[in-house]
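Numbering of residues begins at 1 and proceeds along the displayed sequence.
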Amino acid sequence: MAAEFLWTLADASQLASAFNGALLNGRPEGRVAFVGRSNVGKSSLINRVVGSKVAQTSAQPGKTRALHFYDWLDGKKIVVDLPGYGFAKQSKDDRDSWAALISDYIEADPGLECAIVLIDARNGPTAKDYEAIDFLRSESIPMLFAITKIDQWKNQSERAKRKREVETAIGELGYGSELIFFTSAEKGLGVRELQAEIRKAAPPTEMQEGR
Ligand SMILES: Nc1nc2c(ncn2[C@@H]2O[C@H](COP(=O)(O)OP(=O)(O)OP(=O)(O)O)[C@@H](O)[C@H]2O)c(=O)[nH]1
Ligand SMILES: [Mg+2]
């Protein structure tokens, strides 16, 4: 089996007992979190990356409501499916508590090696994406960027224009184009390249120094 479900984090009160140093519930594998607005395709891309349909996907935004952890056996990583942000139908209280749960987890996990920031091919980075990137940067989490649903690009000229726009926007934040992956979970595009890069993720420097 390529992947299996490990754990759900639904409430920040579960965090205190989950970590022992870099171990997550006794597990040493580094964590890789998929971050992005609701409906951008996080769960779908996770299923492609880990090679089995472990994460639930839906055409309705707001499908993933807690944090779900999957053991990606071949990649020797734990993959984290986060709830999406910017889900318009949520009440403000719901939005705040979801955002708090995500940021509490990111702050609490010393073994979070990398965040994959997903950006919809049709919109480019939104204001919420910029906020998420700022937060991850402030926590010193290395980032990769996955542009999702590139099968929605209609032709070669749209593809070229959109690629340039995304590379410029992310470049302006100080991240090189080698960190950007153009993907389609539907067609399986860009998945192999992203898998290879995720495998390379290493523990944050402070942890390595502590060994
Ligand atoms: N065309 C196309 N549709 C996709 C692709 N990836 C995901 N989708 C569709 O986008 C919708 C949302 O996908 P999910 O993977 O559930 O999105 P999510 O980011 O996990 O959403 P939340 O759990 O609500 O945060 C579903 O209808 C998917 O079928 C893709 O590569 N191409
Ligand atoms: Mg989801």
Side-chain angles (χ1 to χ4, degrees), residues 3-47 49-50 52-58 60-73 75-118 128-143 198 201-211:
E4 58 191 34
F5 168 78
L6 281 181
W7 188 51
T8 290
L9 172 70
D11 191 293
S13 66
Q14 295 170 267
L15 285 168
S17 60
F19 297 104
N20 175 8
L23 298 180
L24 167 70
N25 294 326
R27 301 293 300 256
E29 295 88 347
R31 270 73 72 187
V32 174
F34 283 59
V35 178
R37 69 173 185 77
S38 194
N39 209 239
V40 70
K42 296 175 296 299
S43 302
S44 303
L45 191 57
I46 285 175
N47 289 339
V49 165
V50 304
S52 48
K53 293 203 169 167
V54 283
Q56 284 191 21
T57 64
S58 166
Q60 296 283 334
K63 178 67 186 172
T64 308
R65 297 195 169 220
L67 285 74
H68 300 293
F69 294 72
Y70 301 98
D71 191 358
W72 178 26
L73 299 166
K76 299 190 172 51
K77 302 280 180 201
I78 291 172
V79 167
V80 191
D81 191 6
L82 301 184
Y85 42 75
F87 172 32
K89 282 200 188 128
Q90 284 170 291
S91 70
K92 184 173 179 311
D93 279 356
D94 275 352
R95 264 203 301 269
D96 290 349
S97 67
W98 287 15
L101 184 61
I102 296 169
S103 52
D104 285 351
Y105 158 70
I106 289 170
E107 285 166 355
D109 187 352
L112 179 57
E113 294 178 344
C114 176
I116 318 296
V117 177
L118 279 72
K128 287 275 173 199
D129 296 326
Y130 283 115
E131 273 177 37
I133 293 166
D134 271 355
F135 175 71
L136 291 162
R137 194 205 300 259
S138 73
E139 292 294 319
S140 306
I141 309 294
M143 280 173 254
I198 294 174
T205 335
E206 339 44 295
M207 271 177 53
Q208 286 174 339
E209 283 166 358
R211 279 180 187 162

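- To the nearest 0.5 Å, atoms OG (Ser38) and CG (Leu82) are separated by 12.0 Å.
- Contact between Ala3 and Val54 at its shortest, heavy atoms only, is O-CG1, 3.9 Å.
- Rounded to the nearest 0.5 angstrom, Leu118 CG and Arg37 CZ are separated by 10.0 Å.
- Residues that satisfy the side chain to side chain contact (heavy atoms under 4.5 Å, CB included) test with Ala55, not counting sequence neighbours, are Ser43, Ile46, Asn47, Tyr70, Asp81.
- Between the CZ atom of Arg31 and the CG atom of Leu67 there is a distance of 12.5 Å, given to the nearest 0.5 Å.
- What you find for Ala66 and Thr8 is that their closest heavy atoms are CB-CG2, 3.7 Å.
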Query raised in the report: Could you go step by step and tell me if Val32 and Trp72 meet the side chain to side chain contact (heavy atoms under 4.5 Å, CB included) rule?
Result: CA-CA 10 Å; Val32 174; Trp72 178 26; over 6 Å; no
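- Atom OG1 of Thr57 is separated from atom CG of Asn39 by 10.0 Å, given to the nearest 0.5 angstrom.
- Expressed to the nearest 0.5 Å, how far CD of Glu113 lies from NZ of Lys77 amounts to 3.5 Å.
- For the residue pair Ala108 and Pro110, the shortest heavy atom distance occurs at O-CD, 3.0 Å.
- Note on ring orientation: taking the six-membered ring where Trp is involved, the planes of Phe69 and Trp7 are tilted (angle from 30° to 60°).
- Residue pairs meeting the salt bridge (Lys or Arg N to Asp or Glu O under 4.0 Å) criterion with at least one partner in residues 10-27, sequence neighbours excluded, are Arg27-Glu29, Arg27-Asp71.
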Requested in this report: Under the side chain to side chain contact (heavy atoms under 4.5 Å, CB included) rule, what do Leu24 and Phe19 come out as? Steps first, then yes or no, please.
Outcome: CA-CA 5 Å; Leu24 167 70; Phe19 297 104; 3.6 Å; yes
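- Listed by chain and number, the residues in a side chain to side chain contact (heavy atoms under 4.5 Å, CB included) with Glu107 are Asp104, Phe135, Glu139 (sequence neighbours excluded).
- The two residues Leu101 and Leu9 have their closest heavy-atom pair at CD2-O, 3.9 Å.
- For the residue pair Pro83 and Ile102, the shortest heavy atom distance occurs at O-CD1, 3.5 Å.
- Put simply, CG on Asn25 and CG on Leu6 are 8.5 Å apart, with the number rounded to the nearest 0.5 Å.
- Closest of all the heavy-atom pairs between Ser58 and Gln60 is OG-N, 2.9 Å.
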